[in-house]
Amino acid sequence: MSTPPASGVEQAVARIADETGAVAGAGVLVAADLVLTCAHVITRGRGEQPETVLVDFPFLRTGPSRAGVHFLAPAQPDSDLGPGDLAVLRLETALPDVRPVEFAAAAPPGLQVSAYGFPHGYSDGRWASGRTVGSLPHGAVQLEATDSAGFTAGYSGAPVWSPELGAVLGILFATDRPNGRAGYMSPAPALAAMWPEFDAVIRSARERATEVPEDRRRRPGEFAPGGRERTQWVSDAPADHDVLKRAALANVLARQLRHARTESPDASFLVHIDGSWGTGKSTLLKLLARDLRSDSIVAFFDTWRHVRIEPPWWALLTTVRKAVVQHRPRWRRPFFLVRELLARVRRDGAPQVLSGLLLVGTALLAAFLFRAGVITVRSVEPTFKTVTTLVGAAGALWTAGILVSRYAMWGSARRARTFEQSHTDPMNDVAEHIAWLVRHAGRPIVVFVEDLDRCNADYVVNFLDSVQTLVRDVPEHWRRPLRRTPDFHAPSFVVAMDGAWLRCAYENAYETFTSAVAEPGRPIGYLFLDKLFQLSVPMPKLGGASRDLYFGQLLGVSVAKPPPATADQVRAALTTSNDEIEVLETLAKADPRVREIVASQAVERILDAGVQDVSHHALAKFSRLLHSNPRAMKRFVNTYTVLRAVRVLEGSLVPTDALALWTLLRIRWPELADYLESHPEAVDRITEGSGVRDLPESLQELAASRDLHEVLCGVPGVTLTADVVRACSGAGDDLAPLRT
């Protein structure tokens, strides 16, 4: 079972079973003795309702309690996602000390949501994530699943929780089978229309909750009476749910990967997620994987687990191969493995096959000569038997040895090392086989690399060199499409690691060449980063509003939130924004707490194709400062798009021209940009030409150069000051006081 989000809905999640104990669905506690669920969960497709059902609360560990049907509104047989399908259960044993959930008055499109249900194989329950799409004519709201779980059977009656609003939007009542990519929810207004007592019960439950003594109120993570403790421990494991708006950033990265795949299917796209330990890189990868699994094969490669296994390419090849094989149905996997073996035999087993054919040809010729009477049995029988026995035994042993040594290289790292030593061109064979796997995968492959910043410098360099030579630069003749096979899509890589660790690894490995190839503001470590990765993504920092909300959730302390209607007004304004500047202006007028709520929708609006086309015109003025380098221009546009999304998610509203100039500086002189992030006041001294001697020695020559001053002063009306640098690098909001 996945780790639940720090929300407050867990204590209200109910598990509903029939008298035999078979789980039928989910529900939500709305009062001390009332549970909402779907009518079909109670009737189970039969026309009659049972007298009682069993209800328990997994997160409270209460044990089953009997409940009778208080209200029932079955779905209309001729209705397509229309009104109905609601049941209200009354518990025989009330829970007076449980805080009731709050219902949102509306469910606007674009909200990130989660639901806890009981699908087949998960009797203890499982979280599923998604987003609201929009309302339907009969009042239902359509949801779109954003993870691999989907809203499958078993989620009926589950409360749909919005972390942004801190409230339940409604209950799930239908899904698109079999994969559950779309779900359908009855929102609060629809529930009130079906059950006349809804508003009065919700209001009464809230009033009674305020009368319960504080020390008796259960909060998320507390156990029921008889449990072991009341304090909720905070796990350091990667989160399964988005509590820091990482899903919006994952959406940005997924768009970039799909765009790169469409634009250049023959070229691998490598993304670097840059962040120190504990900044949430693993959580971002999990959210990105959920987004990509709908059309890609995702392979996770944990380098920390393989750091002691040599050679590095073996673990990488095994990971890719395992992901490709597991993507197929179980009954097809043996056939794929046989096909894979035959492909290797065809590719580099020609001498062995030719030798076998010669042996068979010799045997056939001998048989023909015997049949024609040219050779008699009596004259050659003793010699023929001896030679046949020796040749057959030698051929069998030789063939078996070749198959074991050359085609069973996947069995262990030891065999891989033997393969390296015995093969005339082992790396070409490995590269071609990886290309074969990619070509026959059936879907594009994305490899996620984690924990590389725990490994020593030699392993970091060797592993990334393996990616570069074996996967990225695959043989050209393996890229041609075949009939009955999909077009070739080169695999993509997402490497999550501390950029400083990566740079130091290459600087140590190539220390001899430092003076020969390093440039002012771009030491050899940065040069390798530019060569390896097409895009570097900084992890978002926690600004004031985000920090307060996140820490409040960890402590179980409620944080004051603006009225939902205020956020709805801002969302409506974002929807009508025509370009990035209008989006930023809308956010600037909003309360910081509202900004925190609508940040994901703002990013989605900025990434809208029409809005991006208009916004990119504002970047044209910076093209002459890129020295007409096509690769640098692509990198500039991609980096700007990602930085804009990251800054908006942080709550930092940097003007377009200022962020574009900062992006340009980061691309051309990344060492200087990193230094200014830590010492933003130095930019004033550089611009004025004073205090250059106070800079690190490696930056002094660059600070006095004409090229740098041409960039800093090359666009009229755009100036990088210390405050602008703080905002562009994500540090501006960190200096703001805590909001109350």
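Atom set for the values below is all heavy atoms of this structure, side chains included, hydrogens, waters and symmetry mates excluded.
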Report the C-alpha separation of Asp124 and Arg15 in whole Å, then their side-chain angles, then the decisive distance to 0.1 Å, and conclude whether the salt bridge (charged side-chain N to carboxylate O under 4.0 Å, His left out) test is met.
CA-CA 9 Å; Asp124 288 334; Arg15 174 170 46 197; 3.5 Å; yes
Dump the intermediate steps for side-chain contact (heavy atoms from CB on, under 4.5 Å) on Trp195 and Leu36, then the final yes or no.
CA-CA 10 Å; Trp195 183 34; Leu36 289 188; 3.8 Å; yes
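- If you look at Tyr155 and Tyr116, their ring centroids are not closer than 6.0 Å.
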Starting from the C-alpha separation in whole Å, work towards a yes-or-no answer on salt bridge (charged side-chain N to carboxylate O under 4.0 Å, His left out) for Lys286 and Asp291.
CA-CA 9 Å; Lys286 294 183 73 171; Asp291 197 320; over 6 Å; no
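- Side-chain contact between Val113 and Thr132 is present, with heavy atoms from C-beta onward closer than 4.5 Å.
- Taking 4.5 Å as the limit, every side-chain heavy atom of Pro50 sits out of range of all side-chain heavy atoms of Asp18.
- Taking CZ of Phe448 as the start and CG of Asp302 as the end, the distance is 14.0 Å to the nearest 0.5 Å.
- Residues Leu649 and Val603 have side chains in contact (heavy-atom distance under 4.5 Å, counting atoms from C-beta outward).
- The distance from atom OG1 of Thr586 to atom CZ of Arg595, rounded to the nearest 0.5 Å, is 11.5 Å.
- Taking every heavy atom of both residues into account, Arg443 and Ser294 meet most closely at NH2-O, 3.3 Å.
- Using a cut-off of 4.0 Å between Lys/Arg side-chain N and Asp/Glu carboxylate O, Glu604 and Arg255 are scored as not salt-bridged.
- Put simply, the side chain of Ser296 never gets that close to the backbone of Arg293: no donor and acceptor are under 3.5 Å apart.
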Check against salt bridge (charged side-chain N to carboxylate O under 4.0 Å, His left out), Arg605 and Glu582:
CA-CA 10 Å; Arg605 185 58 184 166; Glu582 290 188 10; over 6 Å; no
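- The side-chain heavy atoms of Leu136 and Val141, taken from C-beta on, include no pair separated by under 4.5 Å.
- No side-chain heavy atom of Glu144 sits under 4.5 Å from any side-chain heavy atom of Phe151.
- Using the six-membered ring where Trp is involved, Phe173 and Tyr184 have ring planes that are tilted, between 30° and 60° apart.
- Taking SG of Cys38 as the start and CG of Asp85 as the end, the distance is 4.5 Å to the nearest 0.5 Å.
- The minimum heavy-atom distance between Ala87 and Leu72, with the atom names listed, is CB-CD1, 3.7 Å.
- Using modelled atom types, one finds no donor on one side chain facing an acceptor on the other under 3.5 Å when comparing Ser600 with Gln112.
- Using a 4.5 Å heavy-atom cutoff, the side chains of Leu89 and Leu34 are not in contact.
- Distance check: Leu284 CG to Met539 CE gives 5.0 Å after rounding to the nearest 0.5 Å.
- No more than 12 heavy atoms of other residues, nucleotides or ligands shown are found within 6.0 angstrom of CZ on Arg66.
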As a quick check of understanding, evaluate side-chain contact (heavy atoms from CB on, under 4.5 Å) for Val28 and Val35, giving each step before the final call.
CA-CA 5 Å; Val28 56; Val35 173; 5.9 Å; no
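- Partner of Val494 under the side chain to side chain contact (heavy atoms under 4.5 Å, CB included) criterion, out of Leu253, Val298, Ile273: Ile273 alone.
- Atoms NZ and CG, on Lys589 and Leu584 in that order, are 12.0 Å from each other to the nearest 0.5 Å.
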Stepwise side-chain contact (heavy atoms from CB on, under 4.5 Å) test for Leu172 and Leu143:
CA-CA 9 Å; Leu172 281 164; Leu143 307 177; 3.5 Å; yes
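- Using a 4.5 Å heavy-atom cutoff, the side chains of Leu191 and Phe103 are in contact.
- Atoms OG1 and CD1, on Thr37 and Ile16 in that order, are 3.5 Å from each other to the nearest 0.5 Å.
- Counting all heavy atoms, side chain and backbone alike, Glu19 lies closest to Thr52 at OE2-OG1, 2.5 Å.
- You'll find the side chain of Asp274 stays beyond 4.5 Å of the side chain of Val537, heavy atoms only.
- Contact record, Ala158 with Ala115: CB-CB, 4.3 Å, taken as the closest heavy-atom pair.
- Nearest heavy atom pair, residue Arg571 against residue Pro108, reads NH1-CG, 3.7 Å.
- Heavy-atom minimum distance, Pro538 versus Val646: O-CG2, 3.8 Å.
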Which is it for Phe198 and Val88 under the side-chain contact (heavy atoms from CB on, under 4.5 Å) test, yes or no, and what are the steps along the way?
CA-CA 10 Å; Phe198 178 82; Val88 183; over 6 Å; no
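- Under a 4.0 Å N-O distance rule, the pair Arg258/Asp295 qualifies as a salt bridge.
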